[in-house]
Amino acid sequence: MRRLGEVPTARQSTADPDHRGFVLNTTTPILHVDMDAFYASVATRERPDLRDVPVIVGGAYRGVVLSANYLARQYGVRSAMTATRARRLCPHAVVIAPDYDTFGTVSTAVMETFRRVTPLVEALSLDEAFLDVRGSMRRLGSPLQIAEHLRATIHDEQGITCSVGVAASVSVAKLASKRAKPDGVVVVPPDEVTSFLHPLDVGELYGVGEKTQAMLHRLGLVRVGDVAHTPLRTLQRAVGDALGRQLHDLSWGTDRREIVARTATAFGLGGGDPDKSMGAQETFGRDTDDRAVILRELLRLTAKVTGRMRTAGVAGRTVAITVRFADFTTITRSRTLPEATDVTQEVYRAATALYDGLGLQRARIRLVGVRVEGLLPRARVHRQLVLGEREHGWAEADRAVDRATRRFGSAAVRPASLID
DNA sequence: TCTGGGGTCCTAGGACCC
DNA sequence: TCTGGGGTCCTAGGACCC
């Protein structure tokens with residue numbers, strides 16, 4: 001039997017049939033399904049030798065923790081923590097490099113499992129999704145029964161566990177799944193929404209990170225209930241119009257956002273809304289002030305981004321670069337071109353101009369990035385046909401590179417300056 | 001060996017237009 | 001004349017999420 005924790009109120013298990021009446025459940029048709037320690041679970045599912053060992057995924061040189069299993073978490077290891085700190089907290093943890101291909105494969109399979117229940121699946125990332133099961137209940141039973149069915153199926157087919165939050169709205173369902181972790185289900189019926197939400201710390205609300213949490217705490221708004229009973233205008237003066245409105249709605253669990261069927265676009269899964277920007281950035285192994293090294297990195301990143309853009313069939317007008325200095329201060333510079341482009345040389349020319357415009361001399365640089373914004377389907381881009389325009393030559397070169405990359409892999413063709 | 005990489009959205013100020 | 005106001009685009013920075 002799957003373990004169920006000792007969380008009070010709304011937590012339910014299949015052994016607790018009292019809240020499974022039809023009337024109650026039609027009012028809680030939204031499921032938020034979240035894999036438990038997804039990367040770590042996938043990385044260890046065929047490694048019984050690691051079952052009882054703390055495991056960390058990520059944490060390469062200058063890296064952070066992408067995921068940690070629950071044993072590692074007992075030592076205080078958390079996602080996004082620096083690798084250094086994680087190793088200090090848990091020196092005997094096994095560190096595994098991420099394998100995104102496998103994560104993607106498992107994710108696709110899990111999302112397929114969801115779609116066998118309902119077409120209304122909104123993937124938020126590789127490892128979590130909202131499901132609207134309103135139309136599935138006649139066939140599959142109450143939302144709680146559907147949640148347990150999904151958990152059992154994913155466990156049997158993928159060898160990993162997940163947790164499910166069930167509620168009338170997406171925001172409450174998401175908070176409920178967090179409460180359900182690991183390997184559990186929490187149902188929050190409509191008449192228990194405020195008693196569920198109001199004792200939570202404001203930091204639990206979607207959109208409240210470290211900074212906003214600290215600001216709200218300074219104002220004496222510590223619990224969600226405090227936010228709920230603060231006038232909207234006061235809230236908006238503190239955190240801005242949009243976030244103030246959002247927090248006000250979330251604190252009453254009144255968001256009516258509908259689920260839109262879509263797959264995660266991350267990692268090339270495709271589907272859903274088209275991306276609005278595409279970018280790439282990389283932290284150097286060591287900080288550098290060498291212009292040649294930096295420009296070469298900008299070219300490599302540009303080629304990566306424009307290659308992805310051409311694969312996706314999009315072009316963009318705004319080119320932005322990011323520069324992070326040794327002291328971690330980070331600046332961005334952007335420039336909007338007259339015409340949208342997906343041509344490597346055009347984006348690179350803009351990126352180098354932006355970089356040189358900074359007028360840096362000996363600044364130690366930690367990271368550079370390139371991003372193209374304002375993406376449009378290439379079919380909607382009408383280029384000014386200038387007589388004798390050289391860019392056509394570059395576009396031809398890009399297409400040749402793309403063909404070669406498809407046949408021989410990304411190492412086969414690259415700009416001359418990137419060859420060692 | 002302090003602090004990744006992929007994104008989205010909001011804010012605010014200035015330019016510019018009507 | 002002595003000063004409006006709305007809308008859009010562009011840029012830079014910041015917060016947040018996974």
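Keep in mind the model is a prediction, meaning the values are calculated, not measured. Numbered from 1 within each chain, the chains take letters A, B, ... in sequence-line order.
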Item to complete: Decide, yes or no, whether a salt bridge links A:Arg310 with A:Asp398 under the criterion of side-chain N to carboxylate O below 4.0 Å.
Response: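 Result for this pair is yes, salt bridge flagged.
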Discussion item. Which residues in residues 366-375 of chain A have a heavy atom closer than 4.0 Å to any atom of DNA chain B?
Written reply: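 Those residues whose heavy atoms fall under 4.0 Å from DNA chain B, taken from residues 366-375 of chain A in numerical order, are A:Arg366, A:Leu367, A:Arg371.
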Discussion item. Using a 4.0 Å cut-off on heavy atoms, which residues in residues 238-256 of chain A reach DNA chain B? List them by number, or say none.
Written reply: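 Contacting residues: A:Gly240, A:Asp241, A:Ala242.
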Just by distance, with hydrogens left out, do [X] and [Y] show a side-chain donor and acceptor under 3.5 Å apart?
{"X": "A:Arg371", "Y": "A:Ser277", "answer": "yes"}
{"X": "A:Ser334", "Y": "A:Thr318", "answer": "no"}
{"X": "A:Asp36", "Y": "A:Thr161", "answer": "yes"}
{"X": "A:Asp290", "Y": "A:Thr288", "answer": "no"}
{"X": "A:His155", "Y": "A:Asp183", "answer": "no"}

Worksheet entry | Pairwise C1' distance, B:dG4 and C:dC17 [rounded to whole Å] |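 Each nucleotide's C1' atom is 14 Å from the other's.
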Under 4.0 Å, counting only non-hydrogen atoms across every strand here, what does [X] touch: a base, just sugar-phosphate, or nothing?
{"X": "A:Met278", "value": "sugar-phosphate"}
{"X": "A:Ala280", "value": "sugar-phosphate"}
{"X": "A:Arg62", "value": "base"}
{"X": "A:Thr212", "value": "sugar-phosphate"}
{"X": "A:Gly279", "value": "sugar-phosphate"}

Worksheet item: Which pair of non-hydrogen atoms, one from A:Pro54 and one from A:Leu71, has the smallest distance, and what is that distance?
Response: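 It is CA-CB, 3.9 Å.
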Fill in: A:Tyr206 versus A:Leu250, closest heavy-atom pair with distance
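Scanning both residues completely, I find the closest heavy atoms to be O-CD1, 3.4 Å.
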Discussion item. From NZ of A:Lys181 over to C1' of C:dC18, roughly how many Å is that when rounded to an integer?
Written reply: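 Rounding to the nearest Å, NZ of A:Lys181 and C1' of C:dC18 are 12 Å apart.
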Discussion item. Does B:dT3 have its OP1 or OP2 closer than 4.0 Å to a side-chain nitrogen or oxygen of A:Thr283?
Written reply: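 No, no such contact exists.
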Worksheet item: Under 4.0 Å between a side-chain N or O of A:Lys211 and OP1 or OP2 of C:dG13?
Response: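 Indeed not, no polar side-chain atom of A:Lys211 lies that close.
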Practice prompt. Please determine if A:Arg286 forms a cation-pi arrangement with A:Phe284, meaning its NZ or CZ atom is less than 6.0 Å from the six-membered ring centre and no more than 45° off the ring axis.
Written response: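 No - A:Arg286 does not lie over the ring of A:Phe284 by the 6.0 Å and 45° rule.
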Worksheet entry | A:Phe328 aromatic ring stacked with six-membered ring of B:dT3, 5.5 Å and 30° |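 According to the criterion (under 5.5 Å, under 30°), yes, A:Phe328 stacks.
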Worksheet item: Which sits closer to the 5' end of DNA chain C, A:Arg333 or A:Arg317, going by the nucleotide each is nearest to?
Response: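 On the 5' side of the pair lies A:Arg317.
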